[in-house]
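Take a look at the structure below.
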Number of protein chains: 2
Amino acid sequence: MIDYRELHQFVTFHHVGTLSEAAERLHISQSTLTRSMQKIESEFGVPLFARTKNRIILNETGRLAAQEAELVLRQTEGMLHRVREFDRANRTITVGACTPVLLPDLVRRLSYAHPEATIATEIKKLPLLLEGLRAGTYQLVLFPTRPDDPEFFSQEFARENLLFCLPKKHRFAKRQQLSLSDMNGENMLLFQDIGFWYDLVSEKMPDSRFLLQTERYSFMELVENSVLPSFATDLASQSPPPKDRVTIPITDPEVQVVYYLVCKKDQRKTFLTMFP
Amino acid sequence: MIDYRELHQFVTFHHVGTLSEAAERLHISQSTLTRSMQKIESEFGVPLFARTKNRIILNETGRLAAQEAELVLRQTEGMLHRVREFDRANRTITVGACTPVLLPDLVRRLSYAHPEATIATEIKKLPLLLEGLRAGTYQLVLFPTRPDDPEFFSQEFARENLLFCLPKKHRFAKRQQLSLSDMNGENMLLFQDIGFWYDLVSEKMPDSRFLLQTERYSFMELVENSVLPSFATDLASQSPPPKDRVTIPITDPEVQVVYYLVCKKDQRKTFLTMFP
DNA sequence: ATGAATTACGGACCCCGTAACGATA
DNA sequence: TATCGTTACGGGGTCCGTAATTCAT
């Protein structure tokens with residue numbers, strides 16, 4: 001019966017050319033390797049080696065056998081890899097979201113309901129989210145509207161209002177409310193990973209420049225110390241506005257967002273029944 | 001390390017559905033199979049089975065694994081087969097011949113010169129012989145002319161004259177010689193495995209019918225006891241003409257044949273130098 | 001109560017490393 | 001003489017079958 005370990009030793013020998021070096025590389029003794037090669041040869045049932053008293057090399061058949069063996073070993077590895085990958089995919093819940101804000105809470109709840117699962121999250125543009133959900137890349141999507149695709153089931157998850165966050169010395173700091181167009185032309189601080197909000201505000205404030213900060217800490221530092229306006233949210237999980245700043249409501253209806261959890265209808269029981 | 005035997009047991013279990021039946025089919029005990037499946041599962045490192053107290057079935061991952069395993073087993077078998085076939089082809093000399101007459105002698109000489117080799121022979125039509133030699137199907141070809149392909153090397157091996165073998169009461173029995181056309185229209189006895197001669201005589205004697213005998217013994221019987229004419233050859237290895245029959249030379253130059261041994265030029269040393 | 005899967009136990013066998021040996025460059 | 005491959009030997013581990021156990025139909 002063919003033994004994959006011996007096959008592996010055989011391939012290693014083919015690569016290095018001598019038993020002693022192969023033995024060293026494989027961390028086994030020479031004698032073991034000698035016996036393995038004898039066993040391999042008897043398994044194939046045909047001569048694979050040309051031997052002199054202190055030299056052993058592959059003959060033509062042996063070289064073919066080594067190539068074939070390497071192929072089989074790769075296919076064996078491929079089998080293991082595919083099966084493990086299939087299992088991993090089956091026990092991973094991948095969440096696509098339009099904003100990072102709600103993810104910590106969402107992930108915490110998913111982990112609690114599916115303690116055996118791995119939770120993976122991605123922030124993507126809105127069209128990609130529904131595409132991914134359709135294709136199976138995501139099992140669950142956090143979406144800022146209710147998608148009307150009959151293939152999907154959705155359920156309200158949270159509401160969020162966007163606010164301006166202005167330094168107290170800003171010229172609009174005393175206003176009761178502002179529209180996005182009021183602030184058009186102002187340069188704003190923006191945390192990069194803000195998701196779909198970016199598309200909204202850059203559309204409504206085409207003349208503004210947005211200073212993207214990729215690192216959360218730098219962003220916080222800048223908000224604390226610069227005079228540039230930024231955005232805030234009314235979500236409970238968010239920290240209070242930094243001192244020397246005020247938050248001002250935005251009048252545009254678009255900044256009032258209802259987030260929906262979306263999944264395929266056939267997975268409704270798996271995902272959505274556990275949320276209020 | 002994945003074990004080939006266990007992989008095979010795993011696939012068998014997948015096919016039959018229960019450990020006990022698989023054990024029976026594999027001629028091993030149930031307990032061995034239980035342990036093998038546990039080992040397989042730990043090798044893959046992911047759950048492959050759904051178990052109840054007295055029932056074990058493959059889960060979805062397990063079914064994938066079984067499919068993949070079956071593939072790997074087939075590939076392993078394929079590897080063994082190809083290597084063995086390569087070896088066999090390397091130690092088999094396949095001879096293509098236009099006639100069976102000289103084969104026993106030829107095979108005897110080849111076996112003597114290459115005692116480690118297996119000698120295989122085939123009788124084929126002339127164009128197929130050269131095709132086969134070119135393609136490597138044959139290493140050696142016995143051909144009734146000298147082929148002019150520069151890829152080949154050829155060497156005279158024997159000469160043969162075809163004779164008529166007539167019952168003494170035949171109307172031509174007293175002739176000194178005959179042409180094929182003289183006998184055109186006569187029905188002849190013919191031993192089937194006569195090779196390229198058949199094409200020659202049926203061309204030159206289009207009005208004759210040839211009574212093919214597939215079995216050598218029947219043919220001999222008929223030659224002894226019927227009044228139908230047949231053919232004979234002047235090759236030394238052939239037995240003398242049966243009594244009540246005479247052999248008469250044929251005048252057509254085509255029935256004087258020189259046989260050549262043909263091989264590829266690069267194999268000249270291997271095959272042709274050992275013949276006179 | 002029969003049959004299926006698992007676990008415990010004991011023995012046989014196999015596999016490996018050390019060491020000795022033979023041969024070669 | 002140093003290196004390489006092969007063979008002998010002994011110990012440890014592994015693998016298998018029998019038998020006992022548990023659970024389900």
Side-chain angles (χ1 to χ4, degrees), chain A residues 1-63 65-66 69 72-73 76 80, chain B residues 1-63 65-66 69 72-73 76 80:
Chain A
M1 186 78 56
I2 280 284
D3 183 331
Y4 289 121
R5 179 161 18 91
E6 291 166 356
L7 226 47
H8 182 240
Q9 295 169 1
F10 180 58
V11 170
T12 302
F13 167 67
H14 175 226
H15 283 146
V16 306
T18 72
L19 288 188
S20 44
E21 191 179 341
E24 196 170 341
R25 186 167 303 196
L26 292 164
H27 306 294
I28 59 176
S29 70
Q30 282 191 31
S31 72
T32 299
L33 209 44
T34 293
R35 278 188 300 260
S36 288
M37 296 306 98
Q38 290 166 344
K39 275 193 59 187
I40 283 279
E41 199 171 22
S42 87
E43 283 298 339
F44 275 95
V46 300
L48 302 176
F49 303 96
R51 303 166 200 266
T52 65
K53 279 297 177 185
N54 72 340
R55 186 86 193 150
I56 177 171
I57 57 172
L58 292 173
N59 63 22
E60 203 181 349
T61 313
R63 289 192 292 276
V72 164
L73 290 181
T76 307
L80 290 174
Chain B
M1 182 79 54
I2 282 284
D3 185 314
Y4 179 88
R5 181 167 352 102
E6 290 167 357
L7 222 49
H8 183 240
Q9 295 167 359
F10 179 57
V11 170
T12 301
F13 167 67
H14 175 225
H15 284 146
V16 305
T18 72
L19 288 188
S20 44
E21 190 179 341
E24 196 170 341
R25 186 167 302 194
L26 292 164
H27 307 292
I28 59 177
S29 70
Q30 284 189 30
S31 72
T32 298
L33 210 44
T34 293
R35 277 188 298 261
S36 289
M37 296 306 98
Q38 290 166 343
K39 274 192 60 185
I40 283 278
E41 200 172 22
S42 87
E43 284 296 339
F44 275 95
V46 301
L48 302 176
F49 303 98
R51 304 164 200 266
T52 65
K53 278 296 177 185
N54 71 340
R55 188 83 193 154
I56 176 172
I57 58 172
L58 291 174
N59 62 22
E60 203 181 348
T61 313
R63 289 193 292 277
V72 164
L73 291 182
T76 306
L80 289 175

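Computed from a predicted structure; not experimentally measured. Just so it is clear: chains get the letters A, B, ... in the order the sequence lines come, proteins before strands, and each one is counted from 1.
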(Q) Rounding to an integer number of Å, can you tell me how far A:Ile28 CD1 sits from D:dG5 P? (A) 13 Å

Q. From B:Ile2 CD1 over to A:Leu73 CG, what is the distance, rounded to the nearest 0.5 angstrom?
A. 11.5 Å

Q | Side-chain donor/acceptor of B:Ser29 to base of D:dT18, under 3.5 Å | A | no

**Q.** Aromatic plane relationship, B:Phe44 with B:Phe10 - under 30° parallel, 30 to 60° tilted, over 60° perpendicular
**A.** tilted

Q) Can you check the A:Glu41 CD to D:dG5 C1' distance for me, whole Å? A) 14 Å

**Q.** d(CD1, B:Ile56; P, D:dC23) in whole Å
**A.** 17 Å

Q.
From CE of A:Met37 over to P of D:dT7, roughly how many Å is that when rounded to an integer?
A. 14 Å

Q: Please figure out whether B:Leu19 or A:Gln9 has its closest DNA chain C nucleotide nearer the 5' end.
A: B:Leu19

Q) Applying the side-chain contact (heavy atoms from CB on, under 4.5 Å) test to B:Thr12, which of B:His15, B:His14, B:His8 qualifies? A) B:His8

Q) Checking all strands, does A:Thr34 fall into the base, sugar-phosphate, or nothing category for heavy-atom contacts under 4.0 angstrom? A) base

Q: State which of D:dT7, D:dT18, D:dG5 makes the closest approach to the side chain of A:Ser31.
A: D:dT7

(Q) Rounded to whole Å, please give me the gap between CD in B:Glu24 and P in D:dG17. (A) 14 Å

Q) Below 4.0 angstrom, N of the basic side chain to O of the carboxylate: do B:Lys39 and B:Glu43 qualify? A) no

Q) For A:Gln38, does the CD atom sit with more than 12 other heavy atoms under 6.0 Å from it, leaving out its own atoms? A) yes

Q: Under 4.0 Å from any heavy atom of chain A: name the first and the last nucleotide of DNA chain C that qualifies, 5' to 3'.
A: C:dC15 to C:dT24

Q. Checking all strands, does B:Thr52 fall into the base, sugar-phosphate, or nothing category for heavy-atom contacts under 4.0 angstrom?
A. nothing

Q. Looking across every strand, which nucleic acid part, if any, lies under 4.0 Å from A:Ser20 by heavy atom: base, sugar-phosphate, or nothing?
A. sugar-phosphate

Q.
Assuming nearest nucleotide by heavy-atom distance, tell me which of A:Arg5 and A:Asn54 is located more 5' along DNA chain C.
A. A:Arg5

Q: Measure from CD on B:Gln30 to P on D:dT22 and round the result to the nearest Å.
A: 17 Å

(Q) Please evaluate residues B:Tyr4 and B:Val72 with respect to the criterion side-chain contact (heavy atoms from CB on, under 4.5 Å), reporting the C-alpha separation (whole Å), side-chain torsions for both, the decisive distance (0.1 Å), and the verdict. (A) CA-CA 9 Å; B:Tyr4 179 88; B:Val72 164; over 6 Å; no

(Q) Over all strands shown, is A:Arg51 touching base, sugar-phosphate only, or nothing at heavy-atom distances under 4.0 angstrom? (A) sugar-phosphate

(Q) Main chain of A:Leu48, side chain of A:Glu41: is a donor-acceptor contact present, judged purely on distance under 3.5 Å? (A) yes

Q: Starting from P on D:dA24, measure out to CD1 on B:Ile57 and report it in whole angstrom.
A: 15 Å

**Q.** Atom-to-atom span, CG of A:Leu33 to C1' of D:dT7 - whole angstrom
**A.** 15 Å

